[in-house]
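The structure appears right after this line, and notes come after that.
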Amino acid sequence: MKNFVQRGDVLPLAAPAAVKAGDVVIVGDFIGIAATDADLGEEVEVEMKGVWSIAKKTGDAVTPGAPIWWDAAAKRATTTEGANARLGTATKAAAADALHANVRLIG
């Protein structure tokens, strides 16, 4: 495996905006969770795998196995695809009035 570079579970990426640890970060086709705070353009460690509790849009009921999308304007997970980026897959049911959904990242 002389051509192996890294595992890829965490990637150092240039922050597309100021981010706080726990924020969803989208850079090109990469989508993950910031492990640290960073200002615009600074390098931020982005978690690309795992299950995360993500703030979700009120009114969206979530079922296990459902695709979950990221609404960047609302800064919330949603069950609506539209122009939203694919975030991952729900691992647990969440009622429409729940504030968070458990999401397995697609990374």
If you measure from [atom1] on [X] to [atom2] on [Y], what distance do you get to the nearest 0.5 Å?
X   : Y    : atom1 : atom2 : answer
T80 : K57  : OG1   : NZ    : 6.0 Å
E45 : T36  : CD    : OG1   : 6.5 Å
R76 : H100 : CZ    : NE2   : 7.5 Å
D97 : D60  : CG    : CG    : 12.0 Å
M48 : L11  : CE    : CG    : 5.0 Å
D9  : E47  : CG    : CD    : 8.0 Å

With side chain to side chain contact (heavy atoms under 4.5 Å, CB included) as the test, pick out the partner of V27 among D29, I31, V25.
V25

Applying the side chain to side chain contact (heavy atoms under 4.5 Å, CB included) test to L87, which of V24, I106, I26 qualifies?
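By the side chain to side chain contact (heavy atoms under 4.5 Å, CB included) criterion, L87 pairs with just one of V24, I106, I26: V24.
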
Any side-chain heavy atom of [X] within less than 4.5 Å of one from [Y]?
X    : Y    : value
V46  : F30  : no
W52  : R104 : no
V103 : V51  : no
E81  : P67  : no

For a quick test of reading the model, state the closest non-hydrogen atom pair linking [X] to [Y] and the distance between them.
X   : Y    : value
A34 : V19  : CB-CG2, 4.2 Å
I68 : A77  : CG2-CB, 3.7 Å
K92 : N102 : CD-ND2, 3.6 Å
A15 : D39  : CB-O, 3.4 Å
V44 : A38  : CB-CB, 3.7 Å
K56 : A96  : NZ-O, 3.2 Å

Using side-chain contact (heavy atoms from CB on, under 4.5 Å), reason through L105 and K49 one step at a time and then give a plain yes or no.
CA-CA 5 Å; L105 299 179; K49 295 188 176 188; 5.7 Å; no

Determine whether the side chains of D71 and T78 contain a donor N or O and an acceptor N or O closer than 3.5 Å.
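The criterion, which ignores hydrogens and geometry beyond distance, is not satisfied for T78 and D71.
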
Would you say W70 ends up clustered with I33 if hydrophobic residues are merged whenever their side chains have heavy atoms under 4.5 Å apart, either directly or through other cluster members?
yes

